[in-house]
Amino acid sequence: MGVKPIVLKLGGSVITDKEKPLTPDLQAIERLAAEISRAKVSSLILVHGGGSFGHPVAEHYDIPGGYVDPSQILGFSQTHLAMTLLNSWVMEALISYNIPAVDVHPSSCVVTKAGRIVNMELKPLKKMLKMGFVPVLYGDAVLDSEKGFDILSGDQLVASLAIKLGASRIIMGADVDGLYTSDPKKDSSAHLIDHVTLEELKSLKHKIEGSKATDVTGGMLGKMLEVTFAIERDIETVIVNATESGRVYKALKGEKVIGTIIEKGEKVG
Ligand code: ADP
């Protein structure tokens with residue numbers, strides 16, 4: 001049996017300037033590549049978000065609304081293209097730090113049904129992990145068996161990959177220190193929750209919100225809803241601030257780090 005992989009998500013808000021279209025944060029991308037390289041994780045899958053690349057284009061063509069007009073077909077292509085542009089900045093940084101990263105494009109290996117993953121080609125991913133590669137996926141425009149197409153969030157991908165590939169842990173790299181009692185960008189009295197169980201998370205849901213900037217896939221609330229599926233299967237999830245130097249490194253090493261740990265937290269029997 002192989003080593004259980006860690007699934008690391010780099011949020012779109014972390015690796016791009018979410019307010020400026022098509023603007024990568026190259027400093028953040030390079031620093032994160034250095035942290036990932038230094039952590040020397042034996043089995044790792046990376047997923048990144050769309051930030052100011054995928055979301056504005058997807059919104060313009062209403063890709064999340066599904067296929068209703070032929071003009072959206074080119075919009076699908078443009079959304080995917082925008083994501084491959086961001087992805088290539090990430091790939092270049094990772095490989096320059098000697099991380100054997102290989103990009104895996106969700107648009108060509110995932111089909112959703114009403115927005116939920118129903119088919120995912122796992123064989124290449126499993127083989128890559130076995131050989132020591134680091135597969136890199138991202139939120140993307142994908143084909144959908146009911147709607148024609150849809151946007152697949154990086155967050156849904158993270159949970160699905162973690163479950164299907166038997167991950168040991170999920171690390172969500174965000175632009176805030178973790179999960180707060182309410183949106184820390186709007187509420188100065190919000191405080192960080194360092195540990196939460198699924199049960200406690202359910203009662204907090206009404207205080208967690210979507211994203212401020214253009215984001216077609218739902219902010220912190222969307223993230224929590226997705227990771228719930230993995231946590232239910234006992235995959236521990238930690239949210240850390242990936243804009244702060246060293247936090248992703250510590251999380252990858254399993255060291256104590258500022259952030260939020262979410263666990264199933266139920267007693268068996
Ligand atoms: P990304 O694009 O990096 O995946 P998002 O911008 O979609 O991340 O979601 C993260 C944002 O969710 C944070 O920047 C924060 O403003 C917002 N948010 C809303 N409610 C909360 C909460 N209770 N705790 C933490 N963040 C929250």
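Each residue takes its place number in the sequence, starting with 1. Every number for a ligand or one of its atoms is a count from 1 in the order of the listing. Side chains are part of it too, since the values below use all heavy atoms of this structure and drop only hydrogens, waters and symmetry mates.
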Decide whether the shortest distance between a heavy atom of Lys186 and an atom of ligand 1 is less than 4.0 Å.
-> no
Under the side chain to side chain contact (heavy atoms under 4.5 Å, CB included) rule, collect the residues that match up with Ser160, sequence neighbours excluded.
-> Ile117, Met120, Lys164
Where the side chain of Ser182 meets the backbone of Ala190, is there a donor-acceptor pair that is under 3.5 Å apart?
-> no
Nearest heavy atoms of Leu252 and Arg169, plus distance in Å | O-NH2, 3.5 Å
Could an N or O of ligand 1 be found under 3.5 Å from any N or O of Ser13, whether backbone or side chain?
-> yes
Ring pair (Phe, Tyr, Trp, His ring centres under 6.0 Å) partners for Tyr97, two or more places apart | none
Counting only heavy atoms, which portion of Lys185 has something under 4.0 Å from ligand 1: side chain, backbone, both, or neither?
-> side chain
Taking only heavy atoms of Lys9, which atoms of ligand 1 are found under 4.0 Å from at least one of them?
-> 4 (O)
Could a heavy atom of Pro184 be found less than 4.0 Å from some atom of ligand 1?
-> yes
Region of Ser182 that comes within reach of ligand 1 [heavy atoms, distance under 4.0 Å] = backbone
Sub-4.0 Å heavy-atom contact, Met172 with ligand 1 = no
Which atoms of ligand 1 sit under 4.0 Å from any heavy atom of Lys18?
-> 2 (O), 5 (P), 6 (O), 7 (O)
Would the number of heavy atoms belonging to other residues, nucleotides or ligands and lying under 6.0 Å from CD of Glu146 be above 12?
-> yes
Determine whether any heavy atom of Gly178 lies closer than 4.0 Å to an atom of ligand 1.
-> yes
Where does Asp183 meet ligand 1, judged by heavy-atom distances below 4.0 Å: at the side chain, the backbone, both, or neither?
-> both
Candidates Thr243, Asp175, Asp155; heavy atom nearest atom 11 (C) of ligand 1 found on Asp175
How are the rings of Tyr138 and His48 set to each other: parallel, tilted or perpendicular (split at 30° and 60°)?
-> parallel
Under 4.0 Å from a heavy atom of Tyr180: give me the atoms of ligand 1 that qualify, with their elements.
-> 22 (C), 23 (N), 24 (N), 25 (C)
Worked check of salt bridge (Lys or Arg N to Asp or Glu O under 4.0 Å) between Glu226 and Arg116 | CA-CA 11 Å; Glu226 294 299 349; Arg116 307 303 302 173; 2.8 Å; yes
For Thr237 and Ile170, indicate whether the former's side chain and the latter's backbone hold a donor-acceptor pair under 3.5 Å.
-> no
